[in-house]
Amino acid sequence: MEGQKYFGGCVTGDLVPQDDLPLFVQTRQWLDQYFAGEQPAIASLPLAPSGSSFRKAVWALLCEIPYGEITTYGEIARVVANRTNLPSMSSQAVGGAVGHNPISIIIPCHRVVGRNGSLTGYAGGLAKKVQLLEHEGAMLPLFHIPSKGTAL
């Protein structure tokens, strides 16, 4: 998303618009389906986000969160630790990886919330996170936007 906190952060060269590339046409179709209320498969797009192996592992887990459902940073940390045979994993480290997701909406980082229902950590802005969760029917009355914190 343009205006996202880390927009273009992993791009090493100049950003040059090429809207007619087949990948962009396919991505626009995917997004049109998504915003029309359909549930297009993430796997239908050839995603190759640039990042560390840790970030890629977290982003792959984000792709496993079903449409209309949520998970927590702590749960993702638990799964990453389990899959990598570590005794534990930091929720804050997971939060950093989630926040640096370069393919928002498609890689659904908006489906991750704090353990107490806090809607923190969306680089596109909390208002957009709320809109996406409402669009998917996942916005619950128990969720809240914190009044202070580093993720605002």
> Going from OG1 on Thr27 to CD1 on Ile103, what distance comes out if it is rounded to the nearest 0.5 angstrom?
Replying inline: 8.5 Å
> Does the side chain of Lys128 reach to within under 4.5 Å of the side chain of Ile105, using non-hydrogen atoms?
Replying inline: no
> For Leu31 and Ile106, which heavy atoms make the closest approach, and how far apart are they?
Replying inline: CD2-CG1, 4.1 Å
>> In the structure I gave you, are the side-chain heavy atoms of His144 and Asn116 within less than 4.5 Å of one another anywhere?
In response: yes
>> Could you check whether any side-chain heavy atom of Val79 comes within less than 4.5 Å of a side-chain heavy atom of Thr71, counting everything from C-beta outward?
In response: no
>> Is any side-chain heavy atom of Tyr73 closer than 4.5 Å to one of Thr120?
In response: yes
> Which pair of heavy atoms, one from Cys109 and one from Tyr122, lies closest together, and at what distance?
Replying inline: SG-CE1, 3.6 Å
>> Looking at every non-hydrogen atom in both residues, tell me the closest pair between Val80 and Thr84 and how far apart they are.
In response: O-OG1, 2.6 Å
>> Could you report the tightest heavy-atom contact between Phe54 and Ala97, atom names first, then the distance?
In response: CE2-CB, 3.9 Å
>> Nearest 0.5 angstrom please: Ser91 OG to Glu75 CD, how far?
In response: 10.0 Å
> Shared ILVMFWY cluster between Val25 and Leu47, side chains joined below 4.5 angstrom?
Replying inline: no
> Is there side-chain contact between Ile42 and Pro108, with at least one heavy-atom pair below 4.5 Å?
Replying inline: yes
>> Do Phe35 and Phe24 sit in one hydrophobic cluster, given that two such residues count as connected whenever their side-chain heavy atoms are within less than 4.5 Å of each other, even indirectly?
In response: no
> Hey, is the main chain of Pro49 close enough, under 3.5 Å, to the side chain of Arg55 for a donor-acceptor pair?
Replying inline: no
> What about Leu21 and Leu45, same hydrophobic cluster or not, with Ile/Leu/Val/Met/Phe/Trp/Tyr joined at side-chain heavy-atom distances under 4.5 Å?
Replying inline: no
> What are the two closest heavy atoms between His135 and Gly37, and how far apart are they?
Replying inline: CE1-N, 4.0 Å
> When you look at Glu136 and Tyr34, which way does the side-chain hydrogen bond (donor to acceptor under 3.5 Å, both in side chains) test go after all the steps?
Replying inline: CA-CA 9 Å; Glu136 294 185 13; Tyr34 173 82; 2.7 Å; yes
> Are side-chain heavy atoms of Gln39 and Pro66 found at a separation under 4.5 Å?
Replying inline: no
>> Ignoring hydrogens, what is the shortest heavy-atom contact between Leu61 and Arg83? Give both atom names and the distance.
In response: CD2-NH1, 3.0 Å
> Quick one: does Pro46's side chain get under 4.5 Å of Leu23's, heavy atoms only?
Replying inline: yes
> Rounded to the nearest 0.5 Å, what separation is found between the CG atom of Asp32 and the CD atom of Gln29?
Replying inline: 7.5 Å
> How long is the gap from SG on Cys63 to CZ on Arg111, to the nearest 0.5 Å?
Replying inline: 9.0 Å
